[in-house]
Every structure is written in C-alpha cells, then in structure tokens.
Amino acid sequence: ITLRLARVLIDSGEWALQSADQIATPTLVTHGDDDRITCHRASLEFAEKSQGKAATIIWQGGKHDLHHDIIREDYFNALAKWIDATEPCR
C-alpha cells in the first residue's frame, strides 16, 4: 500500500477508537488473533469503549480475512447466531 493510504487507514482506526462510545447500532466486531494486517487488540479496545453496543469475537488462529479462512463455517455460524440474537422479530 502507499504511504498515503497507510496514513488514512491509521487515522481512520484512531478515529474509530475515539468515537466508539458514539455508536448507536448493535455492532459485531470479529477478528482473528493471527491477523498480520490489523491488530485484534484494537478490536477489543473498540468494543470496550462502545459502552455495550459492540460485541467482539476473537478467533484463535484466525487470519485477516475470516470469511475466507479455514474457520469460515464456524465464522458464518457465529455471525448468523449473533444476527438472530440481535435482530428484533418482525
């Protein structure tokens, strides 16, 4: 990636952490703990700062692209379970 894109990504991550307490929508943050592109600890910090609006699942051994990872089936099952538990019945 370019230095410019890297700066934008870093700034965006910092903004997200500073603004986590402002989210109003239930949010699921998923992250692999073996992600070599972004830090899963930042996802935990975001959820912690969200005042209960964000839930976090950290996948042991998961890489950056969880929906293409070897844990893909477990990932999608957990996502569906969270949506079912979060989405009000219509």
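Please read all numbers here as calculations on a predicted model, not as lab measurements.
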For Asp11, the salt bridge (charged side-chain N to carboxylate O under 4.0 Å, His left out) test, sequence neighbours excluded, returns Arg7
Would you be so kind as to tabulate the donor-acceptor pairs closer than 3.5 Å made by side chains of residues 39-48, with sequence neighbours excluded?
residue, atom, partner, partner atom, Å
Ser43, OG, His31, ND1, 2.6
Glu45, OE2, Lys49, NZ, 2.9

Contacts of Arg36 that satisfy salt bridge (charged side-chain N to carboxylate O under 4.0 Å, His left out) - sequence neighbours left out
Asp34
Under 6.0 Å from the CG atom of Leu9, do we count more than 12 heavy atoms belonging to anything else shown?
yes
Salt bridge (charged side-chain N to carboxylate O under 4.0 Å, His left out) contacts touching residues 13-22 (sequence neighbours left out):
none
State which residues pass side-chain contact (heavy atoms from CB on, under 4.5 Å) with Lys81; sequence neighbours excluded, sorted by chain then number.
none
Are Leu79 and Ile70 in one and the same hydrophobic cluster, where Ile, Leu, Val, Met, Phe, Trp and Tyr link if side-chain heavy atoms are under 4.5 Å apart?
yes
Residues in side-chain contact (heavy atoms from CB on, under 4.5 Å) with Thr2, at least two apart?
Arg4, Leu5
Distance-only, no hydrogens or angles: does the Thr56 side chain make a donor-acceptor pair with backbone N or O of Ala54 under 3.5 Å?
no
Cluster companions of Leu3 among Ile, Leu, Val, Met, Phe, Trp, Tyr (side-chain spacing under 4.5 Å)
none
Report yes or no: does Asp35 contribute a side-chain atom to a donor-acceptor pair with the main-chain N or O of Thr38 at less than 3.5 Å?
yes
In the hydrophobic clustering that connects Ile, Leu, Val, Met, Phe, Trp and Tyr at side-chain heavy-atom distances below 4.5 Å, which members other than Ile10 occupy its cluster, ordered by chain and number?
none
Give the minimum heavy-atom separation between Gly61 and Asp33, together with the two atoms involved.
N-OD1, 2.6 Å
Counting N and O atoms only, with roles assigned by atom type, does the side chain of Asp69 sit under 3.5 Å from a partner on the main chain of Gly62, one being a donor and the other an acceptor?
no
Assign the ring pair Phe76 / His67 to parallel, tilted or perpendicular, where the plane angle (0 to 90°) is split at 30° and 60°.
perpendicular
Path from Ile58 to Tyr75 over hydrophobic side-chain contacts below 4.5 Å
no
Are Leu66 and Ile83 linked, directly or through intermediate hydrophobic residues, by side-chain heavy-atom contacts shorter than 4.5 Å (ILVMFWY only)?
yes
Check side-chain contact (heavy atoms from CB on, under 4.5 Å) between Ile57 and all other residues, then give those that pass, not counting sequence neighbours.
Leu28, Thr30, Trp59, Ala78
